[in-house]
Amino acid sequence: ASAQRRIDFLRQMVQWCEPLGAQLVSLWSGAVPEGSSSEEAWPRLVDRLGGLLDFAQAEGVRLALEPEPGHLVATVADWRRLHAQLGDRLGMSLDVGHLLVAEEGAIEDVAGPVRDSVWNVQLDDMRRGDHTHLVPGEGEVDWPAVQRFLASLPAATPACFELSRDSHRFHELAPRLISEFDF
């Protein structure tokens, strides 16, 4: 019932890109609604996201969908399925911490095959199987492997620290993380 509100919100985010100087909107699929199945939700996602992609493309904005544990698109494989249906105008927003929660294997093995479609990277840490966002360096992410992967992406690919649980101390963490991780 709230789908149109979410679509309207995302359209507004696309429109805000121009005055903000942004070129990309990162979004998620959302969880499968209660009382529905993945099989029922998938075609709705494809249809609604297709319309949003048309709108964004007309505005000169790119959309990057982030696989999110617990959502309809939870893994890189799910994203690849969606990308196969919607084409190259859909990019990926890759959260490196999510790889420890929803994937098996190294970042290069999981995300390497879709490297050309990674348009945004979220840098946070997690522990295997635990979807708790941690400050980089406090979990189990293989940061040297992440740095190698980032170096293989186009230089203009944004990579941002996601400090959702630590935003209150961003002013302390950001300088340290930038120095520590040499991003």
Side-chain angles (χ1 to χ4, degrees), residues 1-31 33 41-76 78-99 107 111 113-124 133 135-136 146-147 149-171 173-175 177-178 181-183:
S2 63
Q4 191 56 52
R5 281 196 318 256
R6 291 191 303 277
I7 295 294
D8 291 345
F9 172 78
L10 290 167
R11 289 171 65 100
Q12 188 174 35
M13 294 302 98
V14 167
Q15 290 173 322
W16 284 4
C17 285
E18 183 180 1
L20 293 174
Q23 300 173 359
L24 179 130
V25 170
S26 178
L27 66 152
W28 307 271
S29 65
W42 192 268
R44 290 194 305 259
L45 173 65
V46 171
D47 179 59
R48 291 171 181 155
L49 190 52
L52 190 60
L53 283 162
D54 292 341
F55 179 78
Q57 194 168 24
E59 295 287 322
V61 174
R62 299 187 308 163
L63 297 181
L65 190 128
E66 179 181 332
E68 178 81 23
H71 284 210
L72 179 60
V73 177
T75 66
V76 172
D78 295 337
W79 178 89
R80 290 176 87 164
R81 177 181 170 209
L82 186 62
H83 182 259
Q85 291 180 271
L86 293 170
D88 289 336
R89 59 194 183 140
L90 177 67
M92 178 189 292
S93 184
L94 178 68
D95 184 311
V96 299
H98 290 168
L99 297 177
I107 188 172
V114 295
R115 162 185 352 272
D116 292 341
S117 297
V118 174
W119 294 350
N120 180 60
V121 180
Q122 297 297 112
L123 303 168
D124 55 11
H133 289 251
V135 173
V146 169
Q147 288 174 302
F149 182 77
L150 290 175
S152 74
L153 298 175
T157 305
C160 309
F161 290 115
E162 183 176 343
L163 302 172
S164 54
R165 295 176 185 265
D166 294 280
S167 60
H168 63 284
R169 58 187 189 129
F170 173 82
H171 62 288
L173 291 171
L177 293 172
I178 291 168
F181 290 99
D182 193 30
F183 289 122

Inset, instruction - Would you confirm whether D47, through its side chain, and R44, through its main-chain N or O, come within 3.5 Å as a donor-acceptor pair? - result: no
What's the spacing between [X] [atom1] and [Y] [atom2] if we round to 0.5 Å?
| X | Y | atom1 | atom2 | value |
| --- | --- | --- | --- | --- |
| F170 | L177 | CZ | CG | 9.0 Å |
| T75 | R81 | OG1 | CZ | 10.0 Å |
| L163 | H168 | CG | NE2 | 10.0 Å |
| L150 | F181 | CG | CZ | 11.5 Å |
| L24 | L63 | CG | CG | 7.5 Å |
| D88 | R62 | CG | CZ | 11.5 Å |

Legend entry - Validation row: V114, H83 side chains within 4.5 angstrom (heavy atoms): no
Inset, instruction - With the side chain counted from C-beta on, respond yes when E59 and C17 share a heavy-atom pair under 4.5 Å apart, and no when they do not. - result: no
Inset, instruction - For the pair I178 and F161, evaluate side-chain contact (heavy atoms from CB on, under 4.5 Å) and give the outcome as yes or no after the intermediate values. - result: CA-CA 9 Å; I178 291 168; F161 290 115; 3.9 Å; yes
Legend entry - Candidates R6, Q4, R5 - the one meeting side chain to side chain donor-acceptor pair (under 3.5 Å) with D8: Q4
Legend entry - Candidate list H98, R165, H133, test side chain to side chain donor-acceptor pair (under 3.5 Å), partner D124, passing option: H133
Legend entry - Steps toward side-chain contact (heavy atoms from CB on, under 4.5 Å) verdict (M13, L27): CA-CA 10 Å; M13 294 302 98; L27 66 152; over 6 Å; no
For [X] and [Y], which heavy atoms make the closest approach, and how far apart are they?
| X | Y | value |
| --- | --- | --- |
| L82 | V73 | CD2-CG2, 4.1 Å |
| V96 | L123 | CG2-CA, 4.1 Å |
| L65 | W79 | O-CD1, 3.7 Å |
| M92 | P67 | CG-CD, 4.0 Å |
| S26 | S93 | OG-OG, 3.0 Å |
| V61 | V14 | CG2-O, 3.8 Å |

Legend entry - Single hit among L49, V46, L90, L45 for side chain to side chain contact (heavy atoms under 4.5 Å, CB included) with Q85: V46
Inset, instruction - Carefully, step by step, assess V146 and V121 under the rule side-chain contact (heavy atoms from CB on, under 4.5 Å). - result: CA-CA 10 Å; V146 169; V121 180; 5.7 Å; no
Legend entry - Over 12 non-hydrogen atoms of neighbours within 6.0 angstrom of CD in E18: no
Inset, instruction - Please check if atom CH2 in W28 has more than 12 non-hydrogen atoms from other residues, nucleotides or ligands closer than 6.0 Å. - result: no
